[in-house]
Amino acid sequence: AHSSVERAALIGAVVMRKVPTDEHYSVREEMLRKMVEEDKAAGLIPFYFCATLGTTPSCAFDRIMELGPLCNKENMWMHIDAAYAGSAFICPEFRPLLNGIEYADSFNFNPHKWLLVNFDCSAMWVKKRTDIIGAFKMEPLYLKHENQESGSVYTIIVCPKQEWCPHSHHKVKPGPSAC
């Protein structure tokens, strides 16, 4: 998995274990199941597994058709990191590599790696958007607005004759506005 997964575990003070791979650098169900059983026996609660479809160092693919049912059965969030090779799935001949994607709770890929998109473009999909909305939801009265539950909020603020809009605290272009 990407180093950001390790960093997140450190920040969240979560015990993270790396699952050994087979000779093709793929995680298999048998090894993950064994580790889940060990963790549960040790009093831990396995809750997250990050599978990869096309890792950056080796372009290895985890066996999500095997891993997905186990994660679903154990109520573990299965994220699929396809940052490196995910853009290839736009090609019909590579779509079979997505078999098992229906088990994923989230999936991401980086269009900037193969699709000539500006650097640092990461696209993420989640099965239930309410999981993400709930994780980042803030309820202060001054932040409430009529579209906060819609999932498609776009705010553009343009301020007249100034480069800094006091309402947004972001640098903006001068122009007509309600500021």
Side-chain angles (χ1 to χ4, degrees), residues 1-19 26-29 31-40 42-56 60-90 94-113 115 117 120-156 168 170:
H2 191 271
S3 60
S4 62
V5 174
E6 293 179 50
R7 280 188 236 135
L10 285 170
I11 290 168
V14 172
V15 174
M16 186 181 107
R17 296 180 62 198
K18 294 181 181 180
V19 183
S26 299
V27 173
R28 306 296 302 261
E29 185 268 345
M31 185 53 74
L32 180 61
R33 183 176 28 80
K34 179 181 175 214
M35 292 181 76
V36 166
E37 290 169 0
E38 290 170 358
D39 286 351
K40 289 167 109 180
L44 299 173
I45 303 170
F47 65 92
Y48 177 85
F49 174 68
C50 184
T52 58
L53 291 181
T55 61
T56 302
F61 284 74
D62 291 334
R63 307 295 179 128
I64 58 174
M65 283 295 287
E66 297 174 10
L67 300 164
L70 173 65
C71 289
N72 286 183
K73 176 182 170 241
E74 295 291 337
N75 199 28
M76 293 170 52
W77 183 286
M78 185 170 81
H79 174 71
I80 296 180
D81 178 356
Y84 174 67
S87 296
F89 300 138
I90 197 169
F94 296 123
R95 290 199 190 125
L97 295 171
L98 284 171
N99 290 345
I101 195 75
E102 64 274 13
Y103 296 109
D105 294 289
S106 55
F107 173 92
N108 81 290
F109 76 102
N110 297 147
H112 71 265
K113 293 186 176 168
L115 297 178
V117 174
D120 282 346
C121 177
S122 185
M124 184 167 172
W125 169 88
V126 292
K127 186 178 282 186
K128 296 187 321 189
R129 70 183 179 94
T130 53
D131 291 332
I132 298 298
I133 291 170
F136 292 101
K137 191 171 189 171
M138 298 194 54
E139 298 277 341
L141 184 60
Y142 62 89
L143 290 179
K144 289 187 177 191
H145 54 84
E146 63 188 45
N147 296 316
Q148 70 186 39
E149 299 294 331
S150 73
S152 58
V153 177
Y154 304 97
T155 304
I156 299 173
S168 71
H170 298 287

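Only heavy atoms go into these numbers, but all of them, side chains included; no hydrogens, no water, no symmetry mates.
For Glu38, the side chain to side chain donor-acceptor pair (under 3.5 Å) partners at least two apart in sequence or on another chain are Arg17. Shown here are the side-chain contact (heavy atoms from CB on, under 4.5 Å) partners of Ile90, two or more places apart in sequence or in another chain: there are none. The ring pair (Phe, Tyr, Trp, His ring centres under 6.0 Å) test applied to Tyr84 returns Trp114, not counting sequence neighbours. For Lys73, the salt bridge (Lys or Arg N to Asp or Glu O under 4.0 Å) criterion is met by no residue, not counting sequence neighbours. With sequence neighbours left out, the salt bridge (Lys or Arg N to Asp or Glu O under 4.0 Å) criterion links Lys127 to no other residue. Under the side chain to side chain donor-acceptor pair (under 3.5 Å) criterion, Lys40 pairs with Glu74, not counting sequence neighbours. Residues that satisfy the side-chain contact (heavy atoms from CB on, under 4.5 Å) test with Glu37, not counting sequence neighbours, are Arg33. Partners of Asp131 by salt bridge (Lys or Arg N to Asp or Glu O under 4.0 Å), not counting sequence neighbours: none found. Scanning for side-chain contact (heavy atoms from CB on, under 4.5 Å) contacts around Leu98 gives Leu53, Phe89, Ile101, Phe107, with sequence neighbours left out. Residues passing the side chain to side chain donor-acceptor pair (under 3.5 Å) test with Ser26: none are found, sequence neighbours excluded. Not a single side chain to side chain donor-acceptor pair (under 3.5 Å) links Trp125 to another residue, sequence neighbours left out. In this structure, the side-chain contact (heavy atoms from CB on, under 4.5 Å) partners of Asn110, at least two apart in sequence or on a different chain, are Ala83, Asn108, His112, Lys113, Ser122.
Looking only at side-chain heavy atoms (C-beta outward), Ile80 and Met78 come within less than 4.5 Å of each other. When side chains are defined from C-beta on, Cys71 does not count as touching Tyr103, because their heavy atoms never get closer than 4.5 Å. Asp105 is not listed as a side-chain neighbour of Met76, based on a closest heavy-atom distance of 4.5 Å or more. Side-chain contact between Phe49 and His79: absent, with no pair of heavy atoms (C-beta onward) separated by less than 4.5 Å. Annotation: side chain of Arg129 is in contact with side chain of Val126 (closest heavy-atom distance under 4.5 Å).
Met124 and Ser106 get closest at one heavy-atom pair: CE-CB, 3.8 Å. Nearest heavy atoms, Ser87 versus Pro111: OG-CA, 3.7 Å. Shortest non-hydrogen contact noted between Met35 and Val19 is SD-CA, 3.6 Å. Smallest separation of non-hydrogen atoms from Cys50 and Asp81: SG-CB, 3.9 Å. Listed here is the closest heavy atom pair of Ala85 and Phe61: CB-CZ, 4.2 Å.
Salt bridge status for Arg28 with Glu66: present, with a side-chain N to carboxylate O gap under 4.0 Å.
Atom-to-atom distance recorded for Met16:CE and Glu6:CD is 4.0 Å, nearest 0.5 angstrom. Atom CG in Leu10 sits 9.5 Å away from atom CZ in Arg7 (nearest 0.5 Å).
No donor-acceptor pair under 3.5 Å is formed between the side chain of Asp39 and the backbone N or O of Pro46.
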